[in-house]
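To start, the structure under review is shown below, and the notes come after it.
Convention: sequence-line order gives letters A, B, ...; per-chain numbering from 1.
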Amino acid sequence: MPLKNKKMSDNNIRVRFAPSPTGPLHIGGVRTALYNYLFARKHGGKFILRIEDTDQTRFVPGAQDYIIEAFKWCGIEFDEGVTKGGDYGPYTQSERKAIYKQYAEQLITSGHAYYAFDTSEELSVKRAAFEAEKKTFTYNASERLNMGNSLSLPKEEVDQLLSNNTPFVIRFKMPDEERVVMNDLIRGKVEVNTKVLDDKILFKSDGMPTYHLANIIDDHLMEISHVIRGEEWLPSLPLHVLLYRAFGWEEPEFAHLPLLLKPDGNGKLSKRDGDRLGFPVFPLQWKDPKTGEISNGYREEGYFPEAFVNMLALLGWNPGDERELFSLEELIEAFSIERVNKSGAKFDAEKAKWFNHQYLIKKSDKELAEAFAPILLKKGILADKVFVVKIVGLIKERATFVADLWDQSSFFFKRPEDYDKKAVKKRWKAASYNQMTELKEILLKTEPFTSENTEKAVKSWIEENEYGMGAVMNAFRLLVVGALKGPHLFDIIALLGQEETLERITLGLQELGRKE
RNA sequence: GGUCCGUUCGUCUAGUCAGGUCAGGACGCCAGGUUUUCAUCCUGGUAACACGGGUUCGAAUCCCGUACGGACUACCA
């Protein structure tokens with residue numbers, strides 16, 4: 001088992017989710033956060049939210065609030081972080097700016113990093129030149145001496161450049177040829193030779209650190225024990241490990257999560273896939289502040305947060321037995337990082353709906369009726385609460401979303417405005433008019449007007465007269481519902497009441513008339 | 001191109017670490033049943049170890065190779 005590190009056994013489990021506020025959080029990000037959260041809770045540790053906004057050019061207003069609101073909706077709680085506080089703050093990297101500079105300089109002093117003065121333009125010219133010769137330019141031991149930096153330039157010139165306030169970056173001095181052996185909790189041993197790695201920029205000319213530097217420093221300072229993040233970070237792992245070693249810091253455990261893939265074809269799930277295939281890619285609706293473009297969210301689509309979280313948790317992880325329905329508490333109990341899959345998972349919108357259906361039918365009739373109330377109100381329907389609760393109980397098995405409740409129950413609230421044409425053709429026969437007229441008399445005499453009583457009375461009347469059960473019941477349903485659908489008919493009329501049922505039959509008789 | 005990661009039914013996956021039941025479950029799909037209708041529900045069915053070598057009495061499982069897929073390859077995270 002890879003999880004034998006002492007950090008697993010003590011109470012110092014600290015994990016973080018560190019998004020950058022560049023837009024809405026997509027469901028892959030939510031899942032990463034969820035796994036971090038489950039891991040922290042499982043081990044009695046802390047879960048931290050840190051905002052990585054070192055790229056000032058990509059800042060999007062509202063993104064941070066969106067992220068926080070999304071987690072609130074999901075029921076994922078942070079112990080420390082932005083808006084929450086804690087002993088390791090500040091939790092926004094732009095507010096930690098001063099911290100990074102000194103560590104970058106420390107690396108220069110220790111010989112693990114150096115100043116570089118190459119401009120972006122010079123760099124792209126260099127890359128283009130290499131490419132023209134079918135070679136790959138790598139800014140590392142092989143080429144760094146041919147570039148403009150404090151390793152290649154005379155000391156006096158470097159000092160001159162620095163005192164002139166010439167823009168510079170700080171680069172990591174990647175060891176020439178060294179095997180770096182790393183461990184990943186999900187994938188096991190990963191090995192790479194530093195000769196294929198480059199001297200990554202740690203500190204940008206705008207005075208901000210890059211992700212690589214900031215994340216190492218913050219994880220160390222915040223005493224993060226386990227870094228659980230997306231697989232897209234795996235190629236950067238050697239750099240990060242080397243950085244810990246350069247600082248002389250103990251490195252955390254790492255776990256790189258498999259990607260969420262698009263449902264059709266291959267590749268990482270993206271915003272576009274949602275638009276294209278018609279399912280949300282984001283937890284909450286998002287309106288782009290620049291373009292005004294709206295992206296759909298699970299919340300707005302009608303998903304229950306419990307269903308959403310459950311569905312997400314099972315995408316890349318499973319408990320090892322055949323359970324599929326988990327509350328957040330049960331997920332915490334069952335979760336283990338070793339049971340996270342290695343390979344990417346294609347998102348399945350159909351299964352997502354199935355999860356929501358499961359949660360919907362599990363909810364009490366009362367709770368569903370309350371969720372249904374605003375929809376009824378919007379339709380201009382004022383209905384008795386008890387009445388709605390009973391209706392919901394009859395139809396909830398047929399619904400995936402709360403909004404479906406209306407399609408399944410509108411006939412309870414409104415008399416048929418028209419009668420399904422196909423149904424009329426199939427079920428409104430020559431005998432129907434007289435039979436329904438007789439039926440009215442039977443129902444008029446049935447007291448009390450319960451489902452059981454009416455069913456008994458109607459069925460024995462049918463038998464006595466040797467009418468066909470199917471013929472009578474379908475015509476009856478047609479008059480009451482307006483179509484051949486819906487739950488047990490006697491349950492429907494019991495809820496509708498005697499008066500309303502008789503009225504609907506009368507109106508239906510008028511409307512459909514005698515055939516022939 | 002280079003580096004790294006991955007590969008079991010259409011999809012999510014169990015089984016792989018400690019080789020040995022007709023490769024199990026769920027979603028979807030199909031069929032049958034129940035029913036006054038539709039939906040649900042119940043029962044059954046469909047369908048997979050990427051390929052090629054090797055090790056072994058025996059390989060989905062261990063080893064090597066190939067193919068395919070993905071991620072990364074910015075003064076973005």
Quiz question: by atom type and distance under 3.5 Å, do the side chains of A:T400 and A:N356 form a donor-acceptor pair? no
Base-pairing mate for B:C27 - Watson-Crick or G-U, with both contacts under 3.5 Å: B:G10
Residues in side chain to side chain donor-acceptor pair (under 3.5 Å) contact with A:T437, at least two apart in sequence or another chain: none
Of the nucleotides B:G15, B:C75, B:G6, which has the atom closest to the A:K342 side chain? B:G6
Please measure how far the C1' atom in B:G70 lies from the corresponding atom in B:U34, and state the result in whole Å. 48 Å
Both distances under 3.5 Å, Watson-Crick or G-U wobble: report the partner of B:G65, or none. B:C51
In terms of the angle between their ring planes, are A:F372 and A:F413 parallel, tilted or perpendicular, with boundaries placed at 30° and 60°? perpendicular
Could you tell me whether the phosphate oxygens of B:U13, OP1 or OP2, come under 4.0 Å of any side-chain nitrogen or oxygen in A:N341? yes
If B:U3 has a Watson-Crick or G-U wobble mate with both distances under 3.5 Å, name it; if not, just say none. B:A71
Tabulate protein N/O versus nucleotide N/O from nucleotides 66-72 of chain B, keeping only pairs under 3.5 Å, one per line.
unit_1 : atom_1 : unit_2 : atom_2 : d
B:C72  : OP1    : A:K268 : NZ     : 3.4

Taking side chain to side chain donor-acceptor pair (under 3.5 Å) as the test, write out the residues that go with A:R171, two or more places apart. none
Can you give each donor-acceptor pair under 3.5 Å made by side-chain atoms of residues 59-68 of chain A, sequence neighbours left out, with the distance rounded to 0.1 Å?
unit_1 : atom_1 : unit_2 : atom_2 : d
A:Y66  : OH     : A:L284 : N      : 3.0
A:Y66  : OH     : A:L284 : O      : 2.6

What is the base-pairing partner of B:U35, counting Watson-Crick and G-U wobble geometry with both distances under 3.5 Å? none
Look at the side chain of A:V192 and decide which nucleotide, out of B:C12, B:C4, B:C75, has an atom nearest to it. B:C4
Are A:S343 and B:C5 close enough that a side-chain N or O sits under 4.0 Å from OP1 or OP2? no
Mark yes or no for a side-chain to base donor-acceptor pair under 3.5 Å between A:R187 and B:C5, with no hydrogen or angle criteria applied. no
Excluding sequence neighbours, so at least two apart, what forms salt bridge (Lys or Arg N to Asp or Glu O under 4.0 Å) with A:K351? A:E324
If the P atom of B:A59 is compared with that of B:A23, how far apart are they to the nearest Å? 14 Å
Do A:K200 and A:D198 pass the salt bridge (charged side-chain N to carboxylate O under 4.0 Å, His left out) test, and can you show the C-alpha distance, the side-chain angles, and the key distance before you say yes or no? CA-CA 6 Å; A:K200 272 275 176 292; A:D198 60 352; 3.0 Å; yes
Would you classify A:R323 as touching base, sugar-phosphate or nothing, given that sugar-phosphate means primed atoms plus P, OP1 and OP2, and contacts are heavy atoms under 4.0 Å? nothing
Should we count CD of A:E131 as having more than 12 external heavy atoms under 6.0 Å? no
In B/S/- notation (B base, S sugar-phosphate only, - none; protein heavy atoms under 4.0 Å), nucleotides 22-38 of chain B written 5' to 3' is --SSBS--------BBB
Tell me: CG of A:L239 to P of B:U73, nearest whole Å? 11 Å
Taking CG from A:D321 and P from B:C12, how many angstroms apart are they, rounded to a whole number? 20 Å
I need the NE2-C1' distance between A:H240 and B:C4, as an integer number of Å. 14 Å
So what does A:S120 touch, heavy atoms closer than 4.0 Å: a base, only the sugar-phosphate, or nothing? base
Re B:G20: Watson-Crick or G-U wobble partner, both distances kept under 3.5 Å, found to be B:C57
Would you say the ring centroid of A:F308 lies under 6.0 angstrom from that of A:Y298? yes
For A:T119, answer base if it contacts any base atom (sugar-phosphate contacts may also be present), sugar-phosphate if it contacts only those atoms, and nothing otherwise; contact means non-hydrogen atoms under 4.0 Å. base
What contact category does A:D420 fall into here, base, sugar-phosphate, or nothing, at under 4.0 angstrom with non-hydrogen atoms? nothing
